[in-house]
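Report on the following structure.
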Amino acid sequence: MSLETIYDAILNGDAKKAAAEVAAALEAKVPAEDILHKACIPAMGEVGRLFEAGERFVPEMLISARAMQAGMNLLQPYLAEANVKSAGKVLVGTVSGDLHDIGKNLVGMMLKGAGFEVVDLGSDVSPQKFVEAVKTHRPQAIGMSALLTTTMPAMKRTIEALKEAGLREQVKVMIGGAPITQDFADEIGADGYAPDASSAARKTRELMVA
Ligand code: B12
């Protein structure tokens with residue numbers, strides 16, 4: 001067992017091995033955050049690099065994503081361990097047209113770890129579905145994720161739909177995902193942006209006390 005074998009298992013899309021190696025690392029008391037940040041996330045980064053270089057294709061990205069998810073399922077209880085009492089409720093979802101959910105799932109886990117109650121709406125969440133969920137769950141914040149430049153405008157549409165429904169003032173809106181920047185967040189009127197899952201939890205807490 002080593003962080004390298006976890007990295008390789010994800011890179012090679014071997015979900016069984018990824019899960020077994022993550023379990024062995026946890027058993028050996030390797031901190032869950034190290035497994036995540038030193039093996040799982042870098043492996044997905046490499047998958048992205050190979051895809052960009054034309055050396056990997058969509059089906060291979062998908063099997064690597066499944067292997068990453070298999071490892072993350074085991075890490076989740078450890079990352080969420082700090083969960084004591086609810087610091088507030090946050091809805092998370094990947095926006096309309098976008099199926100990338102690994103980053104969003106990680107953000108959900110880190111928020112849980114920071115003590116938030118998290119309602120996960122899944123991926124391809126339409127503006128209307130966000131609005132309905134805000135009405136039903138009454139969260140203090142929502143976290144929208146987008147990984148495609150073509151789905152970034154759905155974040156703006158969701159903010160507009162919240163305004164139209166008279167709900168915008170009731171929730172803080174956090175956005176994130178690889179193509180998202182602070183400038184884009186400012187441009188569409190989001191309350192916050194964070195580049196990764198740990199800072200997402202910190203930023204959400206800051207927004208809630210603001
Ligand atoms: C895995 C993957 C897939 C998998 C997704 C599986 C899944 N269940 O998620 C599959 C194979 C399905 C896929 C499909 C496609 N993909 Co893809 N995919 C990737 C890949 C390799 C990794 C993404 C990932 O999981 N990263 C790891 C996570 C941990 O990082 P993250 O998502 O960025 O999240 C972190 C932060 O951004 C932040 N964050 C994320 N969300 C949020 C939310 C909030 C509120 C906050 C505060 C923070 C935050 O915190 C996270 C953790 O630190 C990227 C390449 C890359 N390097 O990003 C391409 C990539 C995103 N895909 C791309 C493309 C083009 C596609 C397809 C269109 C390919 C095709 N031709 O069909 C389809 C689109 C499908 C769709 N409609 O969504 C492009 C996008 C290009 C662009 N500029 O738009 C990329 C960048 C690859 C590339 N270099 O070309 N993909």
Side-chain angles (χ1 to χ4, degrees), residues 7 10-13 15 18 32-33 35-73 75-76 79 90-114 116 118-126 130 139-155 158-159 171-182 184-185 188 190-208:
Y7 177 96
I10 293 174
L11 191 59
N12 299 326
E33 300 237 346
I35 302 175
L36 181 65
H37 292 291
K38 296 183 181 162
C40 302
I41 293 182
M44 283 315 291
E46 179 61 6
V47 172
R49 195 193 64 74
L50 291 168
F51 179 74
E52 273 169 56
E55 290 171 36
R56 287 272 169 114
F57 302 98
V58 174
E60 293 157 315
M61 274 205 292
L62 193 53
I63 57 168
S64 283
R66 286 203 188 120
M68 165 121 180
Q69 193 62 51
M72 274 173 35
N73 290 343
L75 292 179
Q76 172 148 27
L79 294 172
V90 187
L91 293 185
V92 295
T94 304
V95 297
S96 216
D98 202 322
L99 302 175
H100 296 85
D101 65 357
I102 296 177
K104 179 266 297 166
N105 292 347
L106 263 175
V107 169
M109 279 182 206
M110 297 308 272
L111 286 170
K112 277 187 196 162
F116 291 100
V118 175
V119 179
D120 189 341
L121 303 176
S123 50
D124 191 16
V125 182
S126 66
F130 271 112
Q140 283 78 43
I142 69 170
M144 287 190 270
S145 181
L147 264 284
L148 297 171
T149 44
T150 49
T151 58
M152 288 166 64
M155 293 177 150
T158 305
I159 292 176
V171 283
K172 299 289 183 189
V173 176
M174 285 282 296
I175 63 170
I180 307 300
T181 59
Q182 183 64 54
F184 180 70
I188 66 167
D191 298 301
Y193 154 78
D196 56 54
S198 331
S199 51
R202 201 172 45 245
K203 185 81 192 174
T204 306
R205 195 181 284 281
E206 277 169 27
L207 286 177
M208 282 199 187

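All ligand and atom numbering here is 1-based and tracks the order in the structure.
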- By number and element, which atoms of ligand 1 are closer than 4.0 Å to a non-hydrogen atom of G48? 21 (C), 55 (C), 57 (N)
- Note on the structure: Counting from 1 in the order shown, the ligand 1 atoms closer than 4.0 Å to a non-hydrogen atom of A65 are 6 (C)
- Item | Proximity winner for atom 45 (C) of ligand 1, if only heavy atoms of M144, H37, E60, M44 are counted | M144
- List the closest protein heavy-atom neighbour of atom 68 (C) of ligand 1: residue, atom name, distance to the nearest 0.1 Å. L148 CD2, 4.1 Å
- Residues, nucleotides or ligands: over 12 heavy atoms within 6.0 Å of E33 CD: no
- Task: Provide, to 0.1 Å, the distance between atom 89 (N) of ligand 1 and the closest protein heavy atom, together with that atom's residue and name.
- Result: E52 CG, 2.8 Å
- Closest to atom 18 (N) of ligand 1 by heavy-atom distance, out of M152, H100, R202, is H100
- Message: Below 4.0 Å from ligand 1: does a non-hydrogen atom of S64 turn up there or not?
- Response: no
- Query: Which ligand 1 atoms, with their elements, are less than 4.0 angstrom from a heavy-atom of L62?
  - Reply: 11 (C), 12 (C)
- For Y193 and ligand 1, does the shortest N/O to N/O distance drop below 3.5 Å? no
- Task: Look at R49 together with E52 and state whether they make a salt bridge at an N to O cut-off of under 4.0 Å.
- Result: no
- Note on the structure: Looking at R66, M61, R56, the heavy atom closest to atom 21 (C) of ligand 1 belongs to M61
- Message: Does only the side chain of S199 get under 4.0 Å from ligand 1, or the backbone, or both, or neither? Count heavy atoms.
- Response: neither
- Query: Which option, P179, G176, A201, owns the non-hydrogen atom nearest atom 44 (C) of ligand 1?
  - Reply: G176
- Query: Backbone, side chain, both or neither: what part of L147 comes under 4.0 angstrom of ligand 1, heavy atoms only?
  - Reply: both
- Query: Would you say G97 contacts ligand 1, with heavy atoms under 4.0 Å as the rule?
  - Reply: yes
- Item | Side-chain touch S145/V92, heavy atoms, less than 4.5 angstrom | no
- Item | Closest protein heavy atom to atom 35 (C) of ligand 1, given as residue, atom name and distance to 0.1 Å | G103 CA, 4.2 Å
- Does I175 approach ligand 1 within less than 4.0 angstrom via side chain, backbone, both or neither, non-hydrogen atoms only? backbone
- Numbered atoms and elements of ligand 1 in range of A200, under 4.0 angstrom, heavy atoms: 47 (C)
- Item | Numbering as shown, the atoms of ligand 1 that approach D196 to under 4.0 Å (heavy-atom distance) | 38 (C), 50 (O), 53 (O)
